[in-house]
Participant: 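To start, I am sharing the structure in question, which I have written as structure tokens.
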Amino acid sequence: MTAENTPKRSNFITDIIDEHLENGRFDRVHTRFPPEPNGYLHIGHAKSICLNFGIAQDYGGLTNLRFDDTNPITEEVEYVESIQADIRWLGFDWDDRLYFASDYFGQMYTYALQLIRQGSAYVCDLTAEELREYRGTLTEPGRNSPYCDRSIEENLDLFQRMKAGEFPDGSRTLRAKIDMRSPNLNLRDPVLYRILHAHHHRTGDEWCIYPMYDYAHALSDSIEGITHSICTLEFEDHRPLYDWCLDELGIFHSQQIEFARLNLTYTVMSKRKLLQLVREGHVSGWDDPRMPTLSGMRRRGYTPEAIRTFAETVGVAKAHSIIDMELLEHVLRDDLNTRSPRVMAVVEPLKVIIDNYPADGEETFPVPYFPFDQENSPTREVPFSQELYIERSDFMEDPPGKFYRLAPGREVRLMNAYYITCTGVVKDENGEVVELHCTYDPESRGGMSPDGRKVRGTLHWVSARHAINAELRLYDVLFNLPNPYDAPDGGDFKDNTNPDSLQVVKDAKLEPGLASAVIGESYQFMRQGYFCLDAVDAKEGARVFNRTISLVDTWAKLQK
RNA sequence: UGGGGCAUGGUGCAAUGGCAGCACAGCGGACUUUGAAUCCGUUGAUCCAGGUUCGAAUCCUGGUGCCCCGGCCA
């Protein structure tokens, strides 16, 4: 390891690694990302992925992708595929280092035999319930299993017969012989193997005994030569067992390091809770754009770059924390801002008739997609005609002082087109404004008046005759509270779901060029927000856009 | 005295015995053919009490608060 490999960003983990490199414990950095294929990846996993791959990159090291598939009952190939797709999408590559804990079942079994021969493990016949009883409590020590003193020969015989399938599920376990009086419950002769006559998505019916997490994880890390095994805080208590397995076997010893998992305001982050939202129909699926899953965020219009920046920005530490959703939104907007072409779309249309414009007249304006970089920006022609749509919220009949959009007698600029002045308001029988009459100033073509007079408001618009219709899906946070778990007594997080988290607009009016919008691209609907085609429903031919995130709306804030 | 961990502005992360800083949020202003972006300015913090030291967010002692652990889940 040389000086030029020294990372710029440092945290408590890189401190530990630096020390290891200095004192010679390791001369390289090799990490792993070890998901269990029992669900979809979420933004919390993204933090871990960015951490593991990022740190290895910083040190010129490697990162493995390893599926921790030791529990056949909960795991499925569907998940191993989606997980790989999500990691790739995020921008990380494990080259040919794709592994499965199940790849090592044979080797782990051999190691278990070794533990038995060393007198460090025994076959226990206690039932699950008895075992719980023998384990003791948080404050009281446990008691030795009546089976802990079986002979090595008997243990060997029994364990081999466990593997051979002679015993039913739950009848026996292989346990580490450590210390039933340890204040750390994980060390009270933890189960290493359980009997599970279940079909495994990779090994099929080859095995009917499966290793437990603590044993399998430590050995997998060791087998792969992982130097730094980075996991979340709840495994701190497991580290002594992790170390025990490796020390007892005398094999390569990885260092486990724990960090605080990511939490975000206004959402939940556990697979179990997310699964509930899916199952109970609060969302349309794992990839619902409101979900904090990577597949949901991708569909929503998040970019991998934004998520990576976010992961870096939140930092890493051991203190439990909850990140403001606003920080995520900030990095998202920041990324989208530089990459999204500017287009015009009216979310809630209000018809405007330009009385002094020829009824059958028509013209187009050249408008750059990237107004902030006109030199290099591609341009399209935007059609204009007598009847237009503007945003309903851009007109007020009786505006407050700070409102500088359209109002009776008020002049505003139609972006890139003309200045118009409101001369008439048409209402229906309920008093609702249905149509506006305006006049335009032909001298202001392009959006600038030769006399240099200023207009305060600049509105987006679309030509009624040329507009295309689209469905817009406007998203808001999934929960009403920063902390969804903050539920009244007897309630739970689902009581805090936001009933307005999805608003569907059926008849938005878009500029015609958007007919050729592409899935996977982000567009800024000017003065509204960033939108993208819904990769699922737009595929069916429907014109459906997701609002990834609104623009910062100072005016809305002012109104409060 | 079960064990393990954590405490720095509203939020998150730095400062590794030597000027408490950065980002987001907030507030104010400039600019603006997006009430966006950009730019400028600004409010605001070391859990408490002792101790060591010329000097403590950092080291020591004692408190307080919060989180995790009693799956044959991971």
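Because only heavy atoms are used, hydrogens play no part in the values below, and waters and symmetry mates are left out as well, while side chains stay in. Just so we're on the same page: letters track the sequence lines, and every chain starts at 1. Bear in mind that the values here come from a model prediction, so they are computed numbers and not experimental data.
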Participant: Heavy atoms under 4.0 Å, any strand shown: does M212(A) hit a base, just sugar-phosphate, or nothing?
Facilitator: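 If one applies the 4.0 Å heavy-atom cut-off, M212(A) turns out to touch the sugar-phosphate alone, with no base involved.
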Participant: Write down the distance between CE (M269(A)) and P (A74(B)), rounded to a whole number of angstrom.
Facilitator: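 Going from M269(A) (CE) to A74(B) (P), I get 23 Å.
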Participant: Could you tell me whether H238(A) contacts a base, only the sugar-phosphate backbone, or nothing, with contacts defined as non-hydrogen atoms closer than 4.0 Å?
Facilitator: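 Base contact - H238(A) has a heavy atom under 4.0 Å of at least one base atom.
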Participant: For A45(B) versus A14(B), give the span between their C1' atoms, rounded off to a whole number of Å.
Facilitator: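 Nearest-Å result for A45(B) against A14(B) at atom C1': 13 Å.
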Participant: Write down the distance separating the P atoms in A36(B) and A25(B), rounded off to the nearest Å.
Facilitator: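 Roughly 12 Å separates the two P atoms.
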Participant: Do you see a donor-acceptor pair shorter than 3.5 Å between the side chains of N376(A) and D373(A)?
Facilitator: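 D373(A) and N376(A) do have a side-chain donor-acceptor pair below 3.5 Å.
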Participant: Using the P atom on both, measure G18(B) against U58(B) and round to a whole Å.
Facilitator: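 These two P atoms come out 11 Å apart once rounded.
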Participant: Between atom CZ in R272(A) and atom P in C73(B), what is the gap in whole Å?
Facilitator: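 So the two atoms are 15 Å apart, to the nearest Å.
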Participant: What is the distance, rounded to the nearest whole Å, between atom CG of D335(A) and atom C1' of A37(B)?
Facilitator: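 Rounding to the nearest Å, CG of D335(A) and C1' of A37(B) are 14 Å apart.
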Participant: With rounding to whole Å, what would you report as the distance between C60(B) and U52(B) at their C1' atoms?
Facilitator: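 So the two C1' atoms sit 7 Å from each other.
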Participant: For E381(A) and T364(A): C-alpha separation, side-chain torsions, deciding distance, then whether side chain to side chain donor-acceptor pair (under 3.5 Å) applies.
Facilitator: CA-CA 6 Å; E381(A) 293 290 326; T364(A) 64; 2.6 Å; yes
Participant: Tell me, with the steps shown, if H217(A) and R32(A) meet side chain to side chain donor-acceptor pair (under 3.5 Å).
Facilitator: CA-CA 11 Å; H217(A) 206 91; R32(A) 102 270 91 116; 2.6 Å; yes
Participant: Are OP1 or OP2 of A74(B) and a side-chain N or O of R194(A) less than 4.0 angstrom apart?
Facilitator: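 For R194(A), the contact criterion (side-chain N or O under 4.0 Å from OP1 or OP2 of A74(B)) is met.
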Participant: Write down the distance separating the P atoms in G63(B) and C68(B), rounded off to the nearest Å.
Facilitator: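 Rounded to whole Å, the distance is 23 Å.
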Participant: In terms of side-chain heavy atoms, does Y266(A) have a donor or acceptor partner in N483(A) at a distance below 3.5 Å?
Facilitator: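 No, no side-chain donor-acceptor contact under 3.5 Å.
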Participant: Contact class for Y530(A) (heavy atom, under 4.0 Å): base, sugar-phosphate, or nothing?
Facilitator: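 The residue Y530(A) makes no contact with any strand.
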Participant: From the list A74(B), C72(B), A14(B), which nucleotide is the closest neighbour of the side chain of Y213(A)?
Facilitator: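 Nearest nucleotide to the side chain: A74(B).
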Participant: With sugar-phosphate meaning primed atoms plus P, OP1 and OP2, does Y404(A) contact a base, only sugar-phosphate, or nothing at under 4.0 Å between heavy atoms?
Facilitator: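 Base: the residue Y404(A), judged by heavy atoms under 4.0 Å, touches a nucleobase.
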Participant: Any luck finding a side-chain donor-acceptor pair between E391(A) and H460(A) under 3.5 Å?
Facilitator: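 E391(A) vs H460(A): donor-acceptor pair found between side chains.
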Participant: Does atom CZ (R161(A)) have a neighbourhood of more than 12 heavy atoms from anything else shown, all under 6.0 Å?
Facilitator: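 Yes, the 6.0 Å shell around CZ holds more than 12 heavy atoms from other groups.
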Participant: Is the cationic atom of R380(A) (NZ for Lys, CZ for Arg) positioned less than 6.0 Å from the six-membered ring centroid of Y369(A) and within 45 degrees of its normal?
Facilitator: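 Geometry flag: set, cation within 6.0 Å and 45°.
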Participant: According to a strict under-4.0 Å criterion, is R132(A) in side-chain N/O contact with OP1 or OP2 of G71(B)?
Facilitator: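 Answer yes for this pair, as a side-chain N or O of R132(A) is under 4.0 Å from OP1 or OP2.
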Participant: Can you find a side-chain donor-acceptor pair between Q256(A) and E236(A) that sits under 3.5 Å?
Facilitator: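 Judged by distance alone, the side chains do not pair up.
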Participant: Regarding K402(A), tell me which of base, sugar-phosphate or nothing describes its non-hydrogen contacts under 4.0 Å with the strands shown.
Facilitator: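 If one applies the 4.0 Å heavy-atom cut-off, K402(A) turns out to touch a base.
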Participant: Over 60° means perpendicular and under 30° means parallel, so classify the ring planes of Y99(A) and Y104(A), tilted if in between.
Facilitator: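 Tilted, since the angle between the ring planes falls between 30° and 60°.
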Participant: Looking only at side-chain atoms of N71(A), point me to the closest of G35(B), C72(B), A74(B).
Facilitator: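 Selected nucleotide (nearest to the side chain): A74(B).
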Participant: Based on Watson-Crick and G-U pairs with both distances under 3.5 Å, what dot-bracket line describes RNA chain B 5' to 3', crossing pairs as [ ] and inter-strand pairs as |?
Facilitator: .((((((..((((....[..)))).(((((.......)))))....(((((..]....))))))))))).....
Participant: Please confirm whether R202(A) makes a cation-pi placement over F100(A), using NZ or CZ under 6.0 Å from the six-membered ring centre and within 45° of the ring normal.
Facilitator: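 Positive - R202(A) is close enough to the ring of F100(A) and near enough to its axis.
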Participant: Please confirm whether the shortest side-chain N or O distance from R413(A) to OP1 or OP2 of U32(B) is below 4.0 Å.
Facilitator: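 False: R413(A) side-chain N/O out of range (4.0 Å or more) of U32(B) OP1/OP2.
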Participant: Looking at T554(A), I'd like to know whether one of its side-chain N or O atoms comes within less than 4.0 Å of OP1 or OP2 on A36(B).
Facilitator: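 Looking at the OP1 and OP2 atoms of A36(B), one of them is under 4.0 Å from a side-chain N or O of T554(A).
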Participant: Check the pair E36(A) / T74(A) against side chain to side chain donor-acceptor pair (under 3.5 Å), numbers first and verdict last.
Facilitator: CA-CA 9 Å; E36(A) 184 190 12; T74(A) 57; 3.0 Å; yes
Participant: In terms of the nearest nucleotide of RNA chain B, which residue is placed more toward the 5' end: L558(A) or V316(A)?
Facilitator: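 By nearest-heavy-atom nucleotide position, the 5'-most residue is V316(A).
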Participant: Walk me through whether E129(A) and T127(A) qualify under side chain to side chain donor-acceptor pair (under 3.5 Å).
Facilitator: CA-CA 5 Å; E129(A) 196 176 325; T127(A) 64; 5.7 Å; no
Participant: Would you measure the distance from the C1' atom in U42(B) across to the matching atom in C22(B) and give it in whole Å?
Facilitator: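 Approximately 16 Å lies between the C1' atom of U42(B) and that of C22(B).
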Participant: Among the candidates A36(B), C24(B), C68(B), find the nucleotide nearest to the side-chain atoms of E234(A).
Facilitator: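 Within the option list, the nearest is C68(B).
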Participant: Between G35(B), C72(B), C73(B), which nucleotide gets closest to the side-chain atoms of E36(A)?
Facilitator: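 The listed nucleotide nearest to E36(A)'s side chain is C73(B).
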Participant: Say you pick atom P in U43(B) and the same atom in G29(B); how far apart are they, in whole Å?
Facilitator: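 These two P atoms come out 16 Å apart once rounded.
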Participant: Find the distance L192(A):CG to A74(B):P and express it as a whole number of Å.
Facilitator: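 In whole Å, A74(B) P lies 12 Å from L192(A) CG.
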Participant: Find which nucleotide of RNA chain B each of A556(A) and L328(A) is nearest to by heavy atoms, and output the residue with the more 5' nucleotide.
Facilitator: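 On the 5' side of the pair lies L328(A).
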Participant: Taking syn as a glycosidic torsion within 90° of 0 and anything else as anti, which one is G12(B)?
Facilitator: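 For G12(B), whose glycosidic angle is more than 90° from 0, the conformation is anti.
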Participant: Under 4.0 angstrom, heavy atoms only, what part of the nucleic acid is D15(A) near: base, sugar-phosphate, or nothing?
Facilitator: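 Base, at least one base heavy atom under 4.0 Å.
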Participant: So L126(A), base contact, sugar-phosphate only, or nothing? Heavy-atom distance under 4.0 Å.
Facilitator: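 Here L126(A) touches the bases of the nucleic acid.
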Participant: Which part of the nucleic acid, if any, lies within reach of Y210(A) when heavy atoms closer than 4.0 Å are counted: base, sugar-phosphate only, or nothing?
Facilitator: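 The answer is nothing, as Y210(A) stays clear of every strand by at least 4.0 Å.
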Participant: Classify T127(A) by what it touches in the nucleic acid, base, sugar-phosphate, or nothing, heavy-atom distance under 4.0 Å.
Facilitator: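 Base, at least one base heavy atom under 4.0 Å.
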Participant: Once you round it to whole Å, what is the distance between P of G26(B) and CG of D553(A)?
Facilitator: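 Rounded to whole Å, this separation is 12 Å.
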Participant: Examine C69(B): is either OP1 or OP2 under 4.0 Å from a nitrogen or oxygen in the side chain of R135(A)? Give yes or no.
Facilitator: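 Answer no for this pair, as no side-chain N or O of R135(A) is under 4.0 Å from OP1 or OP2.
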Participant: Scan nucleotides 1-12 of chain B nucleotide by nucleotide, 5' to 3', and note B when protein non-hydrogen atoms come under 4.0 Å of the base, S if they reach only the sugar-phosphate, - if neither.
Facilitator: -BBSSS---BSS
Participant: Can a donor-acceptor pair be found between the side chains of R413(A) and T458(A) at a distance below 3.5 Å?
Facilitator: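 Side chains of R413(A) and T458(A): pair found under 3.5 Å.
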Participant: May I ask you to verify if any side-chain N or O of K454(A) is less than 4.0 angstrom from the OP1 or OP2 atom of U32(B)?
Facilitator: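 K454(A) to U32(B) OP1/OP2: no side-chain N or O under 4.0 Å.
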Participant: Whole angstrom is fine here: how far is it from CZ in F370(A) over to P in A36(B)?
Facilitator: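 Value for this atom pair: 21 Å.
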Participant: Heavy atoms under 4.0 Å, any strand shown: does R333(A) hit a base, just sugar-phosphate, or nothing?
Facilitator: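 Nothing, no nucleic acid heavy atom in range.
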Participant: How many Å lie between CD1 on I13(A) and P on A14(B), as a whole number?
Facilitator: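 It works out to 10 Å between those atoms.
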Participant: Roughly, in whole Å, what's the span from OH in Y134(A) to C1' in C72(B)?
Facilitator: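 These atoms are roughly 17 Å apart.
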Participant: With sugar-phosphate meaning primed atoms plus P, OP1 and OP2, does N416(A) contact a base, only sugar-phosphate, or nothing at under 4.0 Å between heavy atoms?
Facilitator: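 Counting heavy atoms under 4.0 Å across all strands, the contact made by N416(A) includes a base.
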Participant: Pick the C1' atom in A7(B) and in U46(B), then give their distance to the nearest Å.
Facilitator: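 A7(B) and U46(B) have their C1' atoms separated by 10 Å.
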Participant: Need one value for E258(A): base, sugar-phosphate or nothing, where a base atom within 4.0 Å counts as base even if backbone is also close, heavy atoms only.
Facilitator: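 No contact.
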Participant: For S449(A) and D451(A), does a side-chain donor sit closer than 3.5 Å to a side-chain acceptor?
Facilitator: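 Yes, a side-chain donor-acceptor pair sits under 3.5 Å.
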